Structures are given as structure tokens and as C-alpha cells.
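Handing you this structure, nothing more for now.
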2 protein chains.
Amino acid sequence: MPVTMSDVARAAGVSVMTVSNVLAGRKRVGEETRRRVLAAVDDLGYELNLTARHLRAGRTDTVALVVPRFDHPYFGELAARLARRLDRSGRHLVVEQSGASREGELEALTLARLHLYDGVLLSVVGMTPDDVARLRTTVPVVLLGEQDMPDRFDQVRMDNVEGARLATAHLLATGARRIAAVGGSTSGRGMTMVRTLGWRRAHEESGLPIDDALVVPCDVDLAGGRRAIRQLVAEGTPFDAVFAFTDTLATGVLAGLAEAGLRVPDDVQVVGFDNLDSSEFLVPGLTTVDPGHEAMADHALRLLDRLIDRAPDGDRGTAVVPEHVTGPVSLVVRGTTRPAA
Amino acid sequence: MPVTMSDVARAAGVSVMTVSNVLAGRKRVGEETRRRVLAAVDDLGYELNLTARHLRAGRTDTVALVVPRFDHPYFGELAARLARRLDRSGRHLVVEQSGASREGELEALTLARLHLYDGVLLSVVGMTPDDVARLRTTVPVVLLGEQDMPDRFDQVRMDNVEGARLATAHLLATGARRIAAVGGSTSGRGMTMVRTLGWRRAHEESGLPIDDALVVPCDVDLAGGRRAIRQLVAEGTPFDAVFAFTDTLATGVLAGLAEAGLRVPDDVQVVGFDNLDSSEFLVPGLTTVDPGHEAMADHALRLLDRLIDRAPDGDRGTAVVPEHVTGPVSLVVRGTTRPAA
DNA sequence: CTGTTAGCGCGTTCAG
DNA sequence: CTGAACGCGCTAACAG
């Protein structure tokens with residue numbers, strides 16, 4: 001039987017409300033009363049029940065970030081940035097995993113869970129635009145992800161085409177002629193498609209031919225990058241550079257190249273995408289596309305807060321027009337590419 | 001004004017309880033009634049309020065993992081492993097950050113938040129044993145962390161001394177004679193101290209002298225590892241190997257060594273600790289201590305579930321005796337060390 | 001198989 | 001500045 005507020009009130013000889021006021025630091029409470037209450041709290045080992053407070057207050061001062069996987073550094077870094085901002089406004093961030101392991105049935109459950117938070121930043125990777133369109137929720141939601149989603153929701157993403165174009169153009173400028181697109185796809189959707197598009201565009205702008213044999217689809221993880229290189233080498237497909245679609249892939253690529261006895265950047269140049277914290281520390285340092293992490297975090301929370309502020313009034317009349325924000329990208333040149341010719 | 005269960009009940013011409021039963025899939029409900037309820041739910045856009053359910057049910061089927069920082073790969077990987085297990089038993093994992101940014105005042109708030117969960121896995125890094133001893137909570141808590149904590153709580157950790165001894169002994173066996181302990185300390189507490197102890201012990205077992213100039217305290221992050229090497233080089237302290245106290249530190253160390261023109265493993269050998277997913281993919285592959293991640297996750301949840309199961313009865317009589325579990329470690333040999341002489 | 005009664009623990013009314 | 005009622009949305013019990 002847990003200790004409740006009224007237990008404390010009885011012990012301190014005051015009313016429940018007084019206890020509540022003392023604990024929430026709300027109204028002014030007499031110094032002596034206050035001490036009595038705190039003593040009783042300490043004495044009984046009373047612990048505030050946030051669930052009850054949330055039910056009553058209708059808000060939780062907590063925002064959730066839902067990511068596909070916990071063990072992906074990109075999302076860890078994102079979470080840390082968001083948490084820093086939310087802390088500043090006295091709120092909390094909790095991170096949940098949407099999983100790649102759970103089926104559609106769980107989507108419903110996930111949605112129910114969203115109600116535990118004032119707002120949700122939903123990182124969509126696996127879901128299709130159709131899945132998202134089917135989402136029915138009154139919870140403030142901002143989408144994060146590279147695939148264009150239904151415009152009923154706010155969405156923040158990076159300029160993938162431009163980033164991929166920059167990366168590829170840089171490789172072309174430093175003398176590369178056969179650039180493998182690791183993580184690419186000739187038919188897919190989402191991140192994979194838009195970055196492949198940027199890779200194509202850079203080739204077109206240079207008037208260079210495009211060889212689809214250089215597009216290597218793979219799992220977007222460390223092992224995937226390494227396997228992609230193994231495959232290229234096994235096939236005997238010639239290449240003098242790799243544009244890896246994420247820094248994680250690039251890390252796997254570097255391992256694969258080393259394994260194959262190919263030197264970076266002398267034999268093969270490499271560019272990644274994401275500018276993870278660790279990319280600077282690889283040997284050699286990874287040239288990569290920086291998606292403007294801080295700006296993205298700012299946008300995401302701005303859009304979310306817009307929705308949260310509006311929520312109490314209800315939707316009628318003042319409906320917020322959803323925005324799709326695309327952040328600018330830039331290239332960070334390090335040691336996996338050669339100086340421009 | 002959100003749609004509530006009784007709105008749905010009215011619309012469907014049934015009682016609230018029936019709606020509840022349909023939605024929770026609890027008792028059997030007539031097929032037609034069931035359809036009417038679901039139709040009303042869909043019609044009104046009803047969304048379950050989990051907060052209310054939690055308040056009423058007294059549990060949330062959710063476990064929290066509290067980590068020092070979101071952007072630390074070690075914790076991301078830990079979270080993923082825990083989530084996998086909890087999903088299997090139909091529960092959820094949420095991750096919160098304890099922050100290094102928030103002061104002691106927030107400790108209280110953190111404690112209140114713990115009540116939102118059935119149990120909490122608390123990763124302690126910054127807190128001292130005294131801080132922990134002061135924790136007053138009835139929430140099931142299992143501590144994770146390398147510093148020995150008051151035995152009022154369950155705790156899971158790795159065999160740090162043995163891991164550090166293994167790492168150092170391996171370096172000695174492969175010919176190293178001056179092994180820098182990056183992340184070490186001659187006076188600290190916690191992880192830093194126990195791993196330094198293992199480093200010492202290996203030296204003692206080999207009868208080799210210990211030079212405290214080789215103990216380099218630093219921030220436990222990527223930049224810290226690099227800075228440690230810069231410092232050693234700047235001081236002119238000779239060293240032919242590095243035992244980095246975490247793989248993240250080791251990654252920074254490798255960057256620092258490259259910067260200084262030192263080859264790995266020819267000029268300097270390196271061993272890390274943690275066996276992160278990415279460590280296998282560094283070039284060269286990082287030799288490191290594997291703390292038996294899976295076993296640790298198993299232990300942590302076993303201890304937590306023991307507490308959760310007991311909770312409903314109250315503590316009297318059946319008090320669970322807290323356990324301190326230390327998991328076995330092993331050495332993973334890769335390219336940053338030379339073959340044994 | 002469905003409805004009624006009661007209350008989870010807190011906070012927003014209003015009086016005093 | 002403090003106290004007493006009522007209700008947030010849901011579900012465990014028991015009726016019917």
C-alpha cells in the first residue's frame with residue numbers, strides 16, 4: 001500500500017491541498033506548516049505519483065523521440081541534442097524504439113503510447129507514406145525522416161539530393177571517375193532514393209556516364225558497408241571512390257577496403273553522409289556531408305511546440321498549417337578524399 | 001475536449017465497461033456489440049488514454065533505462081539489447097538521460113519520474129555511493145555501473161579488474177613494455193579506478209615496474225582519447241602501447257596516434273574495453289575486452305523482474321536480498337595488437 | 001455476456 | 001493562507 005498525499009496530510013495535520021502546494025512549490029505556504037509537511041513526507045517515505053498528476057493536469061512536460069533503433073549512433077546524437085534543448089525549457093525527453101522487429105499490430109500500441117507525452121518526434125524510416133497517412137492521432141507529432149511524407153504532418157529533413165550531389169561532385173573534382181554508391185538503389189524509396197538521385201545528378205552535371213553496376217544496395221549498417229565492398233571486389237567491378245550513404249556505412253566500407261588491401265584515399269576515396277561525432281576520429285578522418293544537426297533539432301522543436309501550444313484550444317478555426325522543412329547541408333572535407341586536382 | 005470512453009459508449013449504445021473490455025481484449029464480448037464499439041471508436045476518433053489506465057492498473061508494463069548520456073554508443077547498444085528482451089515479454093523500454101548537465105536538485109525529480117515505470121535500470125556513472133545510498137524509493141531499481149554501490153540495491157557490472165588485467169597482460173605478452181593507461185587515474189573512483197587496478201596487477205604479475213607517468217586521466221570521450229595521446233607526445237613520455245579504458249577512448253587514441261605519425265600496431269599497440277559494435281570495423285580492428293553484453297542484460301532483467309514480481313505483496317517478510325552480479329569478461333584480439341611473441 | 005458501483009492519487013474549483 | 005468537495009479517464013469487482 002503506497003503512501004499517498006492524504007497520508008502525509010493526516011500526519012502533518014494539514015489538508016491534502018497544502019501538501020500539494022508545498023510539493024509543487026505553488027502558492028505560498030506558511031514556513032512552519034511547510035516544515036511540518038516536509039517532515040511528514042520524509043517520515044512516511046512519501047513519493048509523488050506522477051501518473052496521477054499527469055492524468056489530472058493533462059500534460060506531462062515530456063516529449064518523446066521515437067527512433068527505429070536504439071543502437072544507431074545517429075539517433076543517439078539526435079536525442080542528446082533534443083534533450084539539451086528540452087531541459088532548457090524544463091521538460092524531459094524520453095526515447096522509445098519503434099523497432100524493426102514488431103509488426104503492424106504494434107503500430108496501434110505505439111500510437112496509444114504517444115498519449116503519454118505532450119508531443120512526439122517520430123523518426124520514420126521503415127514506414128511508407130501510406131502507413132503514415134493512416135496514422136490517426138490527436139497527439140502533436142513532427143516527423144523526422146528523409147522520405148517525403150503526407151503533408152498532414154510537419155516534417156523535418158535534410159537536403160539529401162544536394163548533400164549527395166555535393167559529396168559526389170567533390171569526388172569527381174578530386175579525380176574520381178568510378179564512384180560506387182554504397183547503400184544506393186535503382187528503385188527504392190526514401191533516403192536511399194534521394195541520395196542516389198544526388199549521385200546521378202552530379203554525374204550528369206559533369207557529363208560523365210552513369211554505370212548502374214556501381215549502385216550497391218545493402219543493409220544500412222556497419223556489416224552492410226563491408227559486405228558491399230566485398231561484393232564489388234568479388235565481382236571485379238572497378239571503382240576508384242565510394243560514396244557511402246551514411247557514415248556508419250562508410251565505416252564498414254573502410255573496413256572492407258582495408259580487408260581488400262585497398263588504400264584510402266590513394267587507391268579509393270570515400271565520402272560518407274551524416275557527420276557523426278566519431279567520423280572525425282576515424283583514420284583517416286572521414287570526409288562527409290554535414291546535415292546541420294543543430295538547425296534540424298531547432299526546427300523539429302519549433303514545429304512541435306507550435307502544435308503543443310495550440311492543442312489546448314482544440315483544432316477548430318486555428319488549424320496550424322503543417323510545414324515541411326528541409327535543412328541545408330554542407331561538405332566536411334577530411335582525409336578519406338584527396339585534395340582537389 | 002478529447003473523446004473519452006464514455007463518449008464511445010454512448011455512441012455505441014453500450015456501457016463504458018464494455019468499451020473497455022473490447023479495447024483491452026479482456027472478456028468475451030458479443031461479436032455484434034464488438035463491431036458497434038469499434039465502429040464508434042473509429043467514428044469519433046477515440047484514442048485510449050494510457051495515463052488513466054496506468055493510474056488505475058498500478059502498472060505500466062514499461063521499464064526505464066536511465067543512462068548518463070544518449071550519445072554514447074555503449075548505452076545505445078545496451079538499450080537495444082534490453083528492448084529486445086522486454087519486447088519478448090510484451091513490455092516496453094524507454095530510455096531517459098540523467099545528464100551530466102543537471103544538478104543535484106534534479107535528482108529528486110528524476111526519482112519522481114521513476115514512478116512512471118514498473119522498474120528502472122539505473123546506470124550510475126556520476127553518482128557517488130553516498131548519493132546512491134541517499135536514494136529513497138520504493139520503485140524496483142537495479143543499478144548498472146562499475147563502481148561498487150551500497151548493497152541495498154541490486155547491481156550488475158563487469159569484472160573490470162580482470163578485464164583490464166587481461167588487456168594489459170596481452171600487451172605485455174606481445175612485447176609491450178611501456179603501456180599508457182588512457183582514462184586511468186591514480187586516485188579516482190569507479191570504472192577508472194578498477195581498470196587502473198587491473199593495469200597495475202598485470203604489471204605486478206609480470207614483475208615489471210610501474211610508471212605512473214603512463215597513467216593519463218582524461219574525459220572519457222573521443223576527444224579525450226586524442227588529447228591524451230597529444231599530451232603524451234608533447235611531454236615526450238615514451239610508450240609502446242596504450243590500454244584505453246573504453247573503446248570510445250581507443251577510437252580517439254587511434255586518431256591521436258595517426259596524427260602523431262605513429263603506426264598501429266607497429267609503433268604502438270592499442271587495446272580498448274567494451275567491444276562496441278563499431279570496434280570490429282575500425283582500421284585496424286580494435287583489440288578489446290568484451291564484457292559479455294548479453295549475459296549482463298540477462299542478469300539485469302532477471303534481478304529487476306524479481307523485484308517487480310515481489311512488489312505487489314509489499315516488502316514485509318519476503319524481502320528480496322539484493323545481489324551484486326559481476327559478469328565474466330574476455331579478450332577479443334584484432335589488428336591493433338601484434339601476435340604474441 | 002453486459003451494466004453498476006467505486007475509486008486509483010492528484011489538482012482545480014470554491015468556501016472559509 | 002488553508003480546507004472540503006468533485007472529477008480527470010479508466011478498470012476491478014461484483015451484479016444482473
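This one's a predicted model, so the numbers in the text were calculated from it and none came from an experiment. By convention in this document, chain letters (A, B, ...) are assigned in the order of the sequence lines, proteins followed by strands, and residues within each chain are numbered from 1.
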Between C:dC10 atom P and A:M17 atom CE, what is the distance in whole Å? 11 Å
Could you give the CG-to-P distance, from A:N21 to D:dA4, as a whole number of Å?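 Going from CG in A:N21 over to P in D:dA4 covers 14 Å.
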Would you kindly give the CG-to-C1' distance between A:L48 and C:dC8, to the nearest whole Å?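 Going from A:L48 (CG) to C:dC8 (C1'), I get 14 Å.
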For B:R84, look at atom CZ and say whether over 12 heavy atoms of other residues, nucleotides or ligands are found less than 6.0 Å away.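 Counting neighbours around CZ of B:R84, more than 12 heavy atoms of other residues, nucleotides or ligands fall under 6.0 Å, so yes.
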Between B:Y46 and the options B:L48, B:D43, B:N49, the side-chain contact (heavy atoms from CB on, under 4.5 Å) test singles out B:L48
What nucleic acid atoms does A:V14 come within less than 4.0 Å of, heavy atoms only: base, sugar-phosphate, or nothing? sugar-phosphate
Determine: side-chain N/O of B:S20 to OP1/OP2 of D:dT11, distance under 4.0 Å, yes or no. yes
Would you say the side-chain atoms of B:T62 and A:R113 include a donor-acceptor pair closer than 3.5 Å?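 Yes - a donor-acceptor pair under 3.5 Å links their side chains.
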Is a side-chain N or O of A:N21 found less than 3.5 angstrom from the main chain of A:M17, in a donor-acceptor match?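 Yes; judged by distance alone, with no hydrogens or angles, the pair exists.
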Nucleotide of C:dG11, D:dG9, D:dT2 approaching A:T18 most closely (side-chain heavy atoms):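 Selected nucleotide (nearest to the side chain): D:dT2.
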So what does A:T33 touch, heavy atoms closer than 4.0 Å: a base, only the sugar-phosphate, or nothing? sugar-phosphate
Sequence neighbours excluded and cut-off under 3.5 Å, please list the side-chain donor-acceptor pairs for residues 146-153 of chain B, or say none.
unit_1	atom_1	unit_2	atom_2	d
B:E146	OE1	B:M158	N	3.2
B:E146	OE1	B:N160	ND2	2.6
B:Q147	OE1	B:R189	NE	3.0
B:D148	OD1	B:R157	NH2	3.3
B:D148	OD1	B:H324	ND1	3.3
B:R152	NH2	B:A133	O	3.2
B:R152	NH2	B:L135	O	2.6

Would you mind reporting whether B:V94 and A:Q97 have side-chain heavy atoms less than 4.5 Å apart? no
For the side chain of B:R56 and the base of C:dG7, is some donor closer than 3.5 Å to an acceptor across the two? yes
For atom CZ of B:R59 and atom P of C:dC8, their distance in whole Å: 18 Å
Select from B:E31 and A:V16 the residue whose nearest nucleotide in DNA chain C is closer to the 5' end of that strand.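 Result of the comparison: B:E31.
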Of the options C:dG9, C:dG11, D:dA12, whose atoms approach the side-chain atoms of A:T4 most closely? C:dG9
Can you measure B:H115 atom NE2 to C:dC10 atom P for me and round it to whole angstrom units?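 Between P of C:dC10 and NE2 of B:H115: 10 Å.
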Are A:R53 and C:dG11 close enough that a side-chain N or O sits under 4.0 Å from OP1 or OP2?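 It does, given that an N or O in the side chain of A:R53 lies less than 4.0 Å from OP1 or OP2 of C:dG11.
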Between B:R34 and A:A57, who's closer to the 5' end of DNA chain C by nearest nucleotide?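 Here B:R34 is the residue nearer the 5' end.
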Of residues 37-47 of chain A, the positions that come close to DNA chain C - non-hydrogen atoms, cut-off under 4.0 Å: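 Contacts with DNA chain C under 4.0 Å: A:Y46.
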Tell me the interatomic distance from A:R10, atom CZ, to D:dG3, atom P, rounded to whole angstroms. 14 Å
Answer yes or no: is there a side-chain heavy-atom contact under 4.5 Å between A:T18 and A:T33? yes
Describe the nucleic acid contact of A:M5 in one word from base, sugar-phosphate, nothing, applying a heavy-atom distance below 4.0 Å.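 The residue A:M5 makes sugar-phosphate contact but no base contact.
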Provide, to the nearest angstrom, the distance between the CG atom belonging to A:N49 and the C1' atom belonging to C:dC8. 8 Å
Residue A:L55, side-chain atoms from C-beta onward, closest of D:dA4, D:dC8, C:dC8: D:dC8
Salt bridge check, B:R302 against B:D154: does any charged N sit closer than 4.0 Å to a carboxylate O?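 Not counted as a salt bridge, because no side-chain N and carboxylate O are separated by less than 4.0 Å.
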Taking CG from B:L23 and C1' from D:dA12, how many angstroms apart are they, rounded to a whole number? 17 Å
